[in-house]
Structure formats: structure tokens, C-alpha cells
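Residue numbers start from 1 in every chain, and the chains themselves are labelled A, B, ... in the order their sequence lines are given, proteins ahead of strands. Computed from a predicted structure; not experimentally measured. For the numbers below, each heavy atom of this structure counts, side chains included, while hydrogens, waters and symmetry mates do not.
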Number of protein chains: 2
Amino acid sequence: MSNINTDFNNRTIEYEQLLSDFKMLLKKNNLKFTIQREVILETLYDSDEHLTPEALHHLIQDKQPDLKTGIATVYRTLALLEESHVVNSLSFGAQGKKYELGAKEHHDHLICTQCGKITEFVDEEIEKRQHAITDELNFKMSDHSMQIYGTCSECQEKNI
Amino acid sequence: MSNINTDFNNRTIEYEQLLSDFKMLLKKNNLKFTIQREVILETLYDSDEHLTPEALHHLIQDKQPDLKTGIATVYRTLALLEESHVVNSLSFGAQGKKYELGAKEHHDHLICTQCGKITEFVDEEIEKRQHAITDELNFKMSDHSMQIYGTCSECQEKNI
DNA sequence: AGCTAAAATCGAAAAAATTATTATTTAAGG
DNA sequence: CCTTAAATAATAATTTTTTCGATTTTAGCT
């Protein structure tokens, strides 16, 4: 399967860009590009979820069972990626700290606390205001997250 | 010291309100109002910081050394308070999960991922858009939270 | 391709954070 | 004051995260 946004390796151009940026970053800091680091980046890229270190580790073990990537490597790499602002970490509610690629499109979440359904949305007005706010305070925004909690229309009907 | 917003016990009216809401909540759920729970609430109220469970525990031990409040009680109470939406938790960067009172004025967060400083803000435009979005989707909003991550002006200067 | 030095990895152990357990104490209501 | 259910402290157990030493791997060089 291939489409207009994939290259000869069937990877998206976006991912190739991310990967080459990562390689550049490593070189700049005299760090080495390892298979483990690539797999971690790739797995983060392929996942739309926000992942805990443990969840990420599991995904990697499924994807590359022969490459016995240790959990410590996952932690070390996530810390490196976070320092470099390649990934962001955040925590939702009672759950632990979760990581996601920072390079992806921003999106916000509507979360139904009854059925758990998550709807993503982007609102231009809100985005604009966020930029206005950060500009005014001379704050350099790298990412943002917004969650609206409540009851979706389906669940409201169920409740009647 | 006393001022117009404090009552005979030299506590703010706002705090008294919070406390009585908390007592109501406990009663409604057949839970008990304990000295430990009061101290935890009070300490959260008195602190303008966002506190880790451990930091909160230390503050409590300083405030009430004779009342050997256990760390487990702090965790349990924070979980209870979070479930009840009396406190919110947020986490970022290398630092752990932090808690703050949710009963104070609603506000969003600007979080510097470099120094950890948290700046609170409220933007009426954003609040309006949130309501517009949920109204349009017939989603009944109960709560929302927003965090903007990035680098504060001080840290930007440090980086030069 | 082979050599070398620096860095990264694994695996395991240690440390830190969080949660569960149990015996005892405490709050709330009669 | 009594009773009972719930909360607590203390500690143990579990889970999460970090550290450490031995070994492997990478990157640059020849």
C-alpha cells in the first residue's frame, strides 16, 4: 500500500522529516542514532494515542520482539526526546504521565465522562486567542492541550 | 491580623464556603470529616503553589507536627478530592503530578517546560468559544481544562 | 572493511512513588 | 456514653522510575 504522501520506503514524508530532524539533533549533541531510538520514535509516530512509558514499551516489544528493548531505554529516550521538545508529556486525570509526539497537529478533546467517547476538534478562534495570549506575555508556546469534560448527546438521551 | 474578608476565626469567607461545601460532600457520601482532611484542604487553600503529594505532606507536617499525618492519607484524600472535582491535578516536564484547588476561580495554565513555572490566566473569548462548541454539538459540559506548554520569557533569555 | 573510543544498551538492582493491608483510633448519630 | 462504620497510622507490598556495571554498538577514521 502506498499513497502520494509516502516515499519509496512507504513511510510518510512527515515521518522522514521527523526522523532526519532527530538524527540532526543527535549529531549536534554527539549522541548516537540507535535502532532502539528509531523504533521508539517510529512507534510514537504510528500511535495516535498518548502513551505511558510502559504502554510504549509493550508496543515496541510487539513490533520488534527480537530487539529486546529494555524499559530503561524507553525511559532514557523519552527523557531525551522531551528535553529536545520532540515529545511532550502530559497527564489526564487520575492516569499517570503520558507522552505524545509534539510535532503533530494540535487538537483538542471533548471527553464524554459517561461512555468515554473522545471527539477531537480544532477551533480557529481558540487557537488565535492562545497565540494572542502567549504573544502578549512573551511566552514561546510549544504545545497546548485542552479537554472539555461532560456528557455527549447520545448519553444525554439514554439518561431520559 | 484581620480584614474585611475574614470571619471571627480569621479565615476567609471563601475558605469557609469551601469547607462547608466539602463537609456537605462528605455527608452526602457517608464519609467522615476528619482533622486530617481539614488540614489537607486548608493547606491546599493556603498554598498558591501547585503541590506534589510529597510537598503537601511536608507542608502539613510543618503546620501540624503533632498530628502525624501519613503520606497514604494524603494520597487517599487527594484522590477523593480529585474525584469530587474539588482539586485538579496536572503534570508536565520531568516533574511529577501536581495538585491544586479547583474551587478557586476557574483558570487555565501556562506552563514553562524549562523552569516549571505555572502562570494562571482566564480568557473570556476562549470560555465563550468552548460554550459555543459544546452547544453546537449538543454536548453538556461539566468541566474543562487547558494547558499551554512552552518557554517563559525568563527562560528564553537564559537560552541566549 | 577493520580499528578505536565514546556512547548506548541490557539486565538487574536500587530508589522513589504509590497503593494495599491490618490493627487501632475516631467521628457521627442515636 | 455507646455503637458502628469509616479513617487513620504504620508498615508492607507493589509499581514506577532511575542507576549501575558489563557488554555491545555506533560513528568516524584509516
Just the atom pairs and distances: protein N or O near nucleotides 28-30 of chain C's N or O, under 3.5 Å.
from, atom 1, to, atom 2, distance (Å)
C/dA28, OP1, B/Phe33, N, 3.3

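Here the P atom of nucleotide D/dA7 and the CD1 atom of B/Ile40 are 12 Å apart, to the nearest Å. Summarising the geometry, the separation between CG on B/Asn30 and C1' on C/dT26 is reported as 16 Å, rounded to the nearest angstrom. To the nearest angstrom, C1' of C/dA8 lies 17 Å from CG of A/Leu41. Rounding to whole angstrom units, CG of residue B/Asn29 and C1' of D/dA7 are separated by 15 Å. Distance, B/Glu82 CD to C/dT19 P: 11 Å, rounded to whole Å. When rounded to the nearest whole Å, the span between NZ of B/Lys97 and P of D/dT15 equals 17 Å.
Contact check of residues 54-68 of chain A against DNA chain D (heavy atom, cut-off under 4.0 Å) returns A/Glu54. Within a heavy-atom distance below 4.0 Å of DNA chain D, the residues of residues 69-79 of chain B found are B/Thr69, B/Gly70, B/Thr73, B/Arg76.
Each end of the helix from C/dA1-D/dT30 to C/dG30-D/dC1 yields a helix axis from five base pairs, and these two axes differ in direction by 50° (to the nearest 10 degrees).
Contact between the side-chain N/O atoms of A/Gln36 and the OP1/OP2 oxygens of C/dC10 is found at a separation under 4.0 Å.
For B/Tyr15, the ring pair (Phe, Tyr, Trp, His ring centres under 6.0 Å) test picks out B/Tyr45, with sequence neighbours left out. Taking A/Glu120 as the reference, nothing meets the side chain to side chain donor-acceptor pair (under 3.5 Å) condition, with sequence neighbours excluded.
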